[in-house]
Amino acid sequence: MSQVRVRFAPSPTGFFHIGSARTALFNWLYARHTGGTFVLRIEDTDHARNSEEFLNVIYDSLTWLGMTWDEGPKVGGAYGPYRQSERDHVYKEYLQKLNDAGRTYEKDGAIWFKLLGERYEVFDDHRQKTVTKVKAAPTVIEDQIRGHVERVEDEDFVIVRSDGTPVFHFVNVVDDIAMKITHVIRGEDHLSNTSKHVELFKAFGAPVPSFAHIPLILKQNGPGKMSKRDQGALVEEYQRRGFLSEALVNFLCLLGWSPKDDSEKMPIKEIIERFDLPGVNQTNARFDEKKLAHMNMVYVLEQPADRFVALAQAYFDRQKVFAEGTAPTPEYFREVLLLSQPKIKSIEELPAYTSYFFREDFAYDEKARAKALGKGEPKVRLQELQALLATADFSSDAALEEAMKGLATSKGLGFGEYQSVARLAVSGTNVGPGITGIFRVLGRAKTLARIERLLATL
RNA sequence: GUCCCCAUCGUCUAGCCCGGUUAGGACACCACCCUUUCACGGUGAGAACCGGGGUUCGAAUCCCCGUGGGGACGCCA
């Protein structure tokens with residue numbers, strides 16, 4: 001059995017698109033599933049704006065998503081170089097093969113690939129000009145996802161531009177041959193190009209790789225496929241916003257592929273085991289950020305404490321949440337985060353969710369204030385709490401809870417009577433972690449000071 | 001316009017290949033429960049086989065035609 005070799009071949013445009021990420025992912029999954037090789041090849045043939053910086057966007061995103069490549073830039077391999085801008089000698093050599101076989105000709109200074117068959121002229125009313133066509137037999141594509149596809153490739157096409165640079169169709173096929181690629185897994189937008197590619201493979205006398213054209217990702221609002229300009233289309237955006245890469249990967253896997261039972265959240269190991277080309281759908285999938293958000297929440301909730309804190313720390317640093325010299329101690333920061341973790345859905349809501357832990361001059365939310373102070377005897381409740389907390393045991397949530405419940409019971413009131421005013425006093429809001437947890441993390445001094453601050457306004 | 005691909009709840013999908021299901025799950029939405037606020041969680045509801053022909057005792061499932069959606073028609077990749 002021959003070893004599977006797949007490749008992901010992005011062009012460094014400065015963006016790493018969610019659709020590209022999924023194409024990369026399906027290639028990577030297939031390589032890992034089959035024990036094959038995942039090759040990264042940079043298609044930077046015709047780009048004036050082809051800088052290291054743009055390449056780093058690709059490397060960073062792939063790395064962040066956990067897709068390590070076995071051959072390619074940085075890691076090398078037996079079939080390098082892996083940047084097309086460095087492979088001119090290979091293209092010259094292959095062009096010579098085509099010349100020798102009599103399958104090229106020059107026209108308008110460019111080199112064209114000559115299809116086999118009788119030529120005739122016809123007026124193309126879409127392009128509004130007369131074109132030369134070829135009476136060619138249909139090209140057959142046996143696609144692993146689409147099945148048997150036939151398409152007539154009936155026009156010669158340019159393979160080397162008049163400025164001497166080779167075009168995509170040519171370099172793509174040449175590199176696939178030279179790099180011994182066995183499976184071409186790419187977006188369905190390339191299906192129509194495939195007949196050109198197959199004809200080139202045949203002209204080279206090279207074995208035609210197995211094709212698998214995966215469905216496209218459609219934009220969530222409006223018509224058409226998702227493009228770089230669309231909201232939420234860039235991988236780096238999710239990275240910046242503190243999404244968990246495992247969540248994004250898991251979500252992307254489910255866009256166009258299904259394990260065929262009801263499994264959704266799966267560790268990558270399991271996805272690798274279960275992923276296969278025949279399981280890929282044929283229908284385009286609409287990107288749904290709500291479902292991604294849900295997947296992300298599921299992953300956020302189950303993060304081990306250390307990783308959760310590290311992710312949050314990185315996010316706070318990137319967002320410069322704390323002004324110079326105002327950062328809390330790591331111990332305090334950690335306590336606040338662990339108190340919040342079970343309550344939130346994403347890393348990015350953490351700064352707002354925890355802001356009152358890091359400042360004494362927080363504002364009272366108007367609605368929360370009206371609600372908490374609007375009924376009963378808030379002032380009396382606060383005074384009772386003040387007295388209780390002056391001597392209460394702050395060492396655990398349970399101890400504080402017991403004390404507060406005791407107070408409530410002794411006054412014949414519900415826990416909520418104290419909870420709502422206390423929450424307003426210590427946080428200025430009516431949402432947040434359990435009140436006793438807030439007390440404990442804040443500590444006695446801050447808690448009492450905050451109650452005093454609210455009391456002073458009544 | 002030509003060619004290619006596709007078609008199950010609003011969305012992602014299972015079921016289709018090998019016809020017989022109360023057409024299943026998840027997200028979202030709604031209701032209720034849990035509760036110490038807010039989340040989480042639990043329970044429940046509503047929600048789909050694009051249309052028309054055919055084949056068949058029987059069609060989401062097989063075939064054809066429409067329609068709809070997507071893609072490709074560059075000296076871009």
Side-chain angles (χ1 to χ4, degrees), chain A residues 9-13 43-47 84 107-112 122 124-128 131 138 141 143 145-147 149-155 157-169 171-172 186-196 213 215-216 218 220 223-225 251 254-265 278 281-295 297-298 300-301 340-345 349 353 368 371-372 401 404-405 408 414-420 422-424 427 429-438:
Chain A
S11 104
T13 57
E43 306 222 331
D44 56 352
T45 42
D46 176 61
H47 279 273
Q84 293 185 331
K107 193 176 101 184
D108 303 330
I111 298 173
W112 295 65
V122 68
D124 182 318
D125 48 38
H126 180 61
R127 283 177 287 180
Q128 286 295 300
V131 296
I141 301 154
D143 193 278
I145 294 163
R146 308 284 145 191
V149 177
E150 285 188 13
R151 188 171 180 280
V152 180
E153 190 61 44
D154 62 357
E155 273 183 58
F157 52 92
V158 170
I159 53 175
V160 180
R161 300 183 189 92
S162 46
D163 67 359
T165 57
V167 306
F168 164 73
H169 301 300
V171 296
N172 192 267
R186 64 197 349 177
E188 203 227 48
D189 48 343
H190 283 293
L191 187 53
S192 315
N193 290 328
T194 306
S195 45
K196 284 187 178 67
H213 286 94
L216 302 179
L218 269 25
Q220 39 191 341
K225 64 172 176 174
F251 170 77
L254 264 16
L255 231 46
W257 172 78
S258 150
K260 307 302 177 197
D261 60 14
D262 294 332
S263 310
E264 293 209 325
K265 181 181 174 294
N281 299 124
Q282 303 179 303
T283 49
N284 292 162
R286 203 168 287 277
F287 189 85
D288 180 4
E289 94 276 45
K290 290 247 182 67
K291 188 142 187 174
L292 204 208
H294 178 262
M295 185 65 80
M297 176 196 75
V298 173
V300 164
L301 291 179
S340 309
Q341 183 182 10
K343 298 291 198 164
I344 55 142
K345 298 178 168 182
E349 63 189 276
Y353 192 79
K371 208 169 175 186
E401 190 168 326
M404 270 181 79
K405 278 187 172 155
F415 192 97
E417 295 286 326
Y418 292 91
Q419 190 269 148
S420 58
R423 183 176 297 282
L424 179 69
S427 75
T429 77
N430 58 356
V431 302
I435 190 66
T436 55
I438 299 177

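Naming: A, B, ... by sequence-line order, numbering from 1 per chain. Values in this document were obtained by computation on a predicted structure and should not be read as measured data.
- Dashed line: the shortest gap from a side-chain N or O of A:Lys260 to OP1 or OP2 of B:A14 is under 4.0 Å.
- As rounded to the nearest Å, B:C18 and B:G54 have P atoms that lie 24 Å from one another.
- B:C34 is unpaired under the criterion used here, namely a Watson-Crick or G-U wobble arrangement in which both key atom distances are under 3.5 Å.
- A cation-pi arrangement, defined by a distance under 6.0 Å to the six-membered ring centre and an angle within 45 degrees of its axis, is present between A:Lys196 and A:Phe157.
- Distance from the side chain of A:Asp189 is smallest to B:G71 among B:G71, B:C6, B:C75.
- Contact annotation: the side chain of A:His213 never approaches that of A:Ile145 to less than 4.5 Å [non-hydrogen atoms, C-beta and beyond].
- With hydrogens and angles disregarded, no donor-acceptor distance shorter than 3.5 Å links the side chain of A:Gln220 to the backbone of A:Arg286.
- Using a 4.0 Å heavy-atom cutoff across all strands shown, A:Ser258 reaches sugar-phosphate atoms only and no base atom.
- Here B:C3 presents its P atom at 20 Å from CZ of A:Phe157, a figure rounded to the nearest Å.
- A:Lys371 is not listed as a side-chain neighbour of A:Ser420, based on a closest heavy-atom distance of 4.5 Å or more.
- Tested against A:Thr194 for a side-chain hydrogen bond (donor to acceptor under 3.5 Å, both in side chains), the candidates A:Arg186, A:Arg146, A:Glu153 yield a single pass: A:Arg186.
- When heavy atoms are screened at a 4.0 angstrom cut-off, A:Glu401 is found touching base atoms of the nucleic acid.
- Between A:Glu188 and A:Lys225, none of the side-chain N atoms (NZ, or NE/NH1/NH2) sits under 4.0 Å from a carboxylate O, so this pair counts as no salt bridge.
- Between B:U36, B:A26, B:G71, one nucleotide has an atom nearer to the side chain of A:Ile435 than all others, and that is B:U36.
- Of the listed nucleotides (B:C27, B:C4, B:A77), B:C27 has the atom at the smallest distance from the side chain of A:Asp288.
- The separation of B:U13 from B:U56, taken at their P atoms, amounts to 35 Å, rounded to a whole angstrom.
- Here B:C73 sits opposite B:G1 as a Watson-Crick or G-U wobble pair (both hydrogen-bonding atom distances under 3.5 Å).
- To the nearest whole angstrom, the two C1' atoms, one in B:U43 and one in B:U35, are 16 Å apart.
- One C1' atom belongs to B:A60, the other to B:C50, and the distance between them is 12 Å to the nearest Å.
- Here A:Asn281 lies in heavy-atom contact (under 4.0 Å) with sugar-phosphate atoms only.
- Distance, A:Gln282 CD to B:A14 C1': 15 Å, rounded to whole Å.
- Defined by atom type and a distance below 3.5 Å, a donor-acceptor pair is present between the side-chain atoms of A:Asp163 and A:Thr165.
- Of all nucleotides present, only B:U11 satisfies the Watson-Crick or G-U wobble test against B:A26, with each distance under 3.5 Å.
- Listed nucleotides B:C75, B:U13, B:G74 differ in distance to A:Arg127; the shortest reach to its side chain belongs to B:G74.
- Each of A:Asp262 and A:Asn193 lies near RNA chain B, and the nucleotide nearest A:Asp262 is the one positioned closer to the 5' end.
- Other residues, nucleotides and ligands place more than 12 heavy atoms under 6.0 Å from the NZ atom of A:Lys107.
- Using a 4.0 Å heavy-atom cutoff across all strands shown, A:Gly224 reaches sugar-phosphate atoms only and no base atom.
- Each of A:Gly256 and A:Pro10 has a nearest nucleotide on RNA chain B; the 5'-most of these lies closest to A:Gly256.
- For B:C16 and B:A28, the P atoms lie 28 Å apart once the distance is rounded to whole Å.
- As a whole-Å value, the separation of A:His213 NE2 from B:C4 C1' is 11 Å.
- Taking atom C1' in both B:A47 and B:C9, one finds a spacing of 5 Å when rounded to whole Å.
- Comparing B:A31 with B:A45, their P atoms sit 16 Å apart, to the nearest whole Å.
- Relative to the side chain of A:Lys225, the nucleotides B:U36, B:C3, B:G70 differ in distance, and B:G70 lies closest.
- Residue A:His169 is in base contact, counting any heavy-atom pair closer than 4.0 Å across all strands shown.
- For the C1' atoms, the distance linking B:U11 with B:A48 amounts to 12 Å, nearest Å.
- Residues that satisfy the ring-ring contact (aromatic ring centres under 6.0 Å, His included) test with A:Phe168, not counting sequence neighbours, are A:His190, A:His197.
- Donor-acceptor pairing under 3.5 Å is lacking for the side chains of A:Thr13 and A:Ser11.
- As rounded to whole Å, 19 Å separates atom P of B:A77 from atom CG of A:Leu216.
- Contact annotation for A:Ser263: no contact, since no heavy-atom pair falls under 4.0 Å across all strands.
- Side-chain atoms of A:Ser192 stay outside donor-acceptor range of the base of B:C73, with no qualifying N/O pair under 3.5 Å.
- For A:Lys290, taking side-chain heavy atoms from C-beta onward, the closest of the listed nucleotides B:U36, B:G70, B:A28 is B:A28.
- Across all strands shown, B:C62 forms a Watson-Crick or G-U wobble pair with B:G54, both key distances being under 3.5 Å.
- Side-chain proximity of A:Ala110 to the nucleotides B:U13, B:C75, B:U36 is greatest for B:C75.
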Contact string for nucleotides 38-49 of chain B, one letter per nucleotide 5' to 3', B = base within protein heavy-atom range under 4.0 Å, S = sugar-phosphate only, - = neither, reads BBS---------
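- Contact annotation for A:Glu264: base contact, defined as any heavy-atom pair under 4.0 Å involving a base atom.
- Counting to the nearest Å, the P atom of B:A72 and the CZ atom of A:Arg146 are 13 Å from each other.
- Atom CZ in A:Arg423 sits about 17 Å away from atom P in B:U35, given to the nearest Å.
- The nearest whole Å value for the distance from the CG atom in A:Asp124 to the P atom in B:C73 is 13 Å.
- Between the CD atom of A:Glu188 and the P atom of B:C5 there is a distance of 9 Å, rounded to whole Å.
- Checking B:C75, B:C27, B:G70 against the side-chain heavy atoms of A:Val167 singles out B:C75 as nearest.
- Within the 3.5 Å criterion, the main-chain N or O of A:Pro215 finds no donor-acceptor partner in the side chain of A:Asn284.
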